[in-house]
Asks: 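After the structure tokens below, expect a handful of questions from me.
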Amino acid sequence: MLRSVKGFICRPLKLDHGYALHMAAKDCFSSVVSQDVQTPAEKPRAIFYTNESDPIKTFQEACVMVRKPALELFTYLKNSNFAHPVVRYVIYGERGTGKTMTLCHVVHFCARQGWLVLHIPDAHLWVKNCKELMQSSYNKERLDQPLQASFWLRNFRTTNEHFLKEIKTQQKYVWGKRDSTEQGRPLGEVVEQGLTRVKNASDAVGVVLKEIKQQCCLGSFRVLVAVDGVNALWGRTTLKKEDKSPVSPEELTLVYNLRKMVMNNWSGGAVVTTLSQTGSLFKPSSAHLPHELLGKEGFDALDPFVPILVPNYTEREFESCYHYYLHCRWLQHEKARTEDGKEELRFLSGCNPWQLERLSAPL
Amino acid sequence: MTERNPKEQERDATLRLIYTTTAAWRKNVAASGPEKYTEAFIKKQIEEFDLGKRHLANMMGEDPETFTQEDIDRAIAYLFPSGLFDKRARPMMKHPSEIFPEQRKIQWGEDGRPFHFLFYTGKQSYYSLMHETYEKLLNVQKHQDQLVAQGFSLQKEKKNLVGSRWLTKTELEGMLLEKLSDDDYSRFIRLLEKLMTLPCSDIEENYIKKFSKEIAVQLQKVSTEPLKYDEQGVAFSTGEGVRKTSRATAVVYDNGTGKITVNGIDILRYFPVLQDREQLLFPFQFLDRVGKHDAICTVSGGGRSSQAGAIRLATAKALRSFVTETEVEFMRQAGLLTVDPRVRERKKPGQEGARRKFTWKKR
């Protein structure tokens, strides 16, 4: 099974595109899921179609190469016992080897299977370059990030539409003097509340996460928490308070709530995370092991986890990627079609997916 | 030129000058040319030098008879240590023939009558040389006629002219101690060539040899080392390369996959810039052996570009042993085997950099 599935072509994306991938992909996930409920790992899957921004727009399709790490994860997920506390998987590897793509693949798989997917495309975006920081209304010491929170809520809504109607709140939440959400209302209302009142967006996120965590243990649905760049949650931030003192991650509401989610004190799902050096702050570019990127605190917090290494392309993977580019006529240069061209590409990219993409882009 | 007093001239002349300008009396130093040494002066210098040599030998406690020029140099460097950069500015003691340039000694005697019969042609040594050479020519022709008269056949063996060349104009000028014009020089060379072409010119070979020089045979054949075999029977060879201040050594193994390691680090991580990796690719690509060899390199010094260039040279040199001679010649012509002589140019005083001058201000 593995052998037959391995020969597929991939469209590796850079991190920022990857973000868009998830966003737009989510829009289609739900539609695709409803059309076609087949488990992907069982039979050789054709290239699945999603529409996306550049470069996928050029191809009118998006492809994910089925690689070993993803398949490994699938087997783990299938064989995991959902009564036990949640298992955490950390995908790590060198720069540009395809960790984010693996995560996407897993997300797609779980979406197909009907899980509730909590996907944070890049946790680094929450800890840097934030334009608006407000003091949280709920807890005086913490800081809110209304923009990022509302953005995330919007995407969450589009991806998990039907879940939002099913899950009911279990307690009453008071948003302000006039707004409140009663107990027993669908979660969709909380999300709406967060979106309309942007000030309360981060708290809305917190509420959503809390509810999901509580209800997931009951076993009615499975939850996949997919975080890209999880090392951002325990690193440092570039944000500063008004008195120019640095902000540590715990002081951000979003980060605080997400950390609680990533803990393994609940059951009925899985947590799949990726380490990312590209967006990380204050970390040297050669660091790519979990210990280095997470730091002591993060490592302890995530401690019993299953590490999954994503290596560079193997020979076969490289071949298939090359043939895919040729097939889509991405490589226009005449010399690129020859054997020598292939060897040259192989040498210069060192079988690194990111390098290969960068090299073939101008060709 | 003459040391004659203007007053002496006045005495001899019938017309008496009433008044001459002081300018006429004053010696025109520039026009008199370089200082002329009389023979007696040179002889005296030589005697003093020999005496000084013996004194020096006594001072150093060595045997005066076997005191060579090298010993003199060492002794002087010991007795008069100097920190000057230019070697020619340091104290030296050499034979007068090396110090005083060879010059035309005064060509006329006390009575003012020149010694040489061709003095008044202006180019006495040149014309005397031409006369001599023509004399030799006539000699050879006479000998030839004699042989013909006696009935011997005339054969001309082709002498190997490849390894020798005639003296250049400057060398001839140095030999004759007088200036020549291009015309004169070419006439002389034509005469010599004519002499060479005659069958019996072997008689005057000694004379001709005075005017020819041997060209140093170029060391073209740099022998390529044979392949060495390590424990598993895999062939390998080493090469060294330099560029600017970098020094690199490369060991290239056969039966490889195209993996290259630099200082224990993969090239993809050691040279993140594409340009450096292209430099490394070049020798392999030139020989169409891109994925066939493994290489392990060590490099130190310099910056990233010069390290890349040094490794390129080292791998090219190592690849020589794997490849036929014609291909080695191709590599040499492609410039893969030549050491790049460019180094950083020194900054000069009065300029801002090596070439850049200070901003020119009109006032």
Side-chain angles (χ1 to χ4, degrees), chain A residues 12 14-15 92-99 275-278 283-289 292-293 309-319 321-323 331 333-363, chain B residues 250-297 299 303-305 307-309 311-316 318-319 322-323 327 330-331 334 336:
Chain A
K14 299 189 207 127
L15 212 54
Y92 71 103
E94 299 230 353
R95 204 157 161 221
T97 47
K99 305 181 281 288
L275 293 179
S276 167
Q277 196 280 321
T278 5
K283 285 276 185 284
S285 58
S286 52
H288 55 91
L289 296 172
E292 292 164 354
L293 280 175
L309 172 66
V310 179
N312 280 330
Y313 280 160
T314 61
E315 300 275 337
R316 279 195 66 174
E317 287 171 349
F318 178 83
E319 300 272 325
C321 191
Y322 175 75
H323 285 298
L331 295 173
H333 201 270
E334 325 73 57
K335 290 243 184 79
R337 290 180 224 273
T338 61
E339 261 306 302
D340 292 334
K342 188 163 95 176
E343 291 299 313
E344 199 180 320
L345 278 174
R346 192 203 298 266
F347 185 98
L348 286 176
S349 66
C351 293
N352 185 302
W354 181 57
Q355 281 291 337
L356 184 58
E357 199 212 337
R358 280 185 72 183
L359 273 179
S360 41
L363 285 177
Chain B
V251 184
V252 176
Y253 291 88
D254 209 353
N255 293 342
T257 46
K259 221 166 64 115
I260 304 196
T261 316
V262 180
N263 286 353
I265 304 176
D266 191 40
I267 49 158
L268 195 59
R269 297 193 62 194
Y270 195 81
F271 292 122
V273 179
L274 180 65
Q275 176 196 344
D276 304 334
R277 271 175 282 142
E278 276 179 349
Q279 288 284 303
L280 293 203
L281 173 69
F282 182 30
F284 296 103
Q285 199 186 28
F286 189 76
L287 299 169
D288 286 326
R289 284 163 181 254
V290 179
K292 297 189 193 140
H293 293 284
D294 276 343
I296 298 181
C297 323
V299 68
R304 89 188 148 102
S305 199
Q307 279 188 348
I311 299 180
R312 178 183 114 172
L313 184 60
T315 42
L319 280 172
F322 287 95
V323 139
E327 294 208 321
F330 285 144
M331 282 220 289
L336 273 170

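These values consider heavy atoms only, across backbone and side chains, with no hydrogens, waters or symmetry-generated copies. Naming: A, B, ... by sequence-line order, numbering from 1 per chain.
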Asks: Can you name the residues that form a side-chain hydrogen bond (donor to acceptor under 3.5 Å, both in side chains) with A:Arg346, not counting sequence neighbours?
Replies: A:Glu315, A:Glu319
Asks: Got a sec, which residues hit side-chain hydrogen bond (donor to acceptor under 3.5 Å, both in side chains) with A:Glu343, two or more places apart in sequence or on another chain?
Replies: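 Once residues adjacent in sequence are excluded, A:Glu343 has no partner under the side-chain hydrogen bond (donor to acceptor under 3.5 Å, both in side chains) criterion.
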Asks: Please state whether the side chain, the backbone, both or neither of A:Gln355 comes within less than 4.5 Å of a heavy atom of chain B.
Replies: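 Contact with chain B involves the side chain of A:Gln355 alone.
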Asks: Which heavy atom of B:Leu281 sits nearest a heavy atom of A:Glu344, and at what distance?
Replies: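 What the structure gives for the nearest pair is CD2-CG, 3.2 Å.
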Asks: Go through the atoms of B:Gln285 and report whether side chain, backbone, both or neither lie under 4.5 Å from a heavy atom of chain A.
Replies: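 Contact with chain A is through the side chain of B:Gln285 alone.
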Asks: As an exercise, state the distance from CG of A:Leu359 to CD of B:Glu278, rounded to the nearest 0.5 Å.
Replies: 8.0 Å
Asks: For B:Val290 and A:Phe347, which heavy atoms make the closest approach, and how far apart are they?
Replies: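 What the structure gives for the nearest pair is CG1-CB, 4.0 Å.
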Asks: Give, for atom SG of A:Cys351 and atom CG of B:Leu268, the distance between the pair rounded to the nearest 0.5 Å.
Replies: 9.5 Å
Asks: Using heavy-atom distances under 4.5 Å, tell me whether B:Asp266 contacts chain A through its side chain, its backbone, both, or neither.
Replies: neither
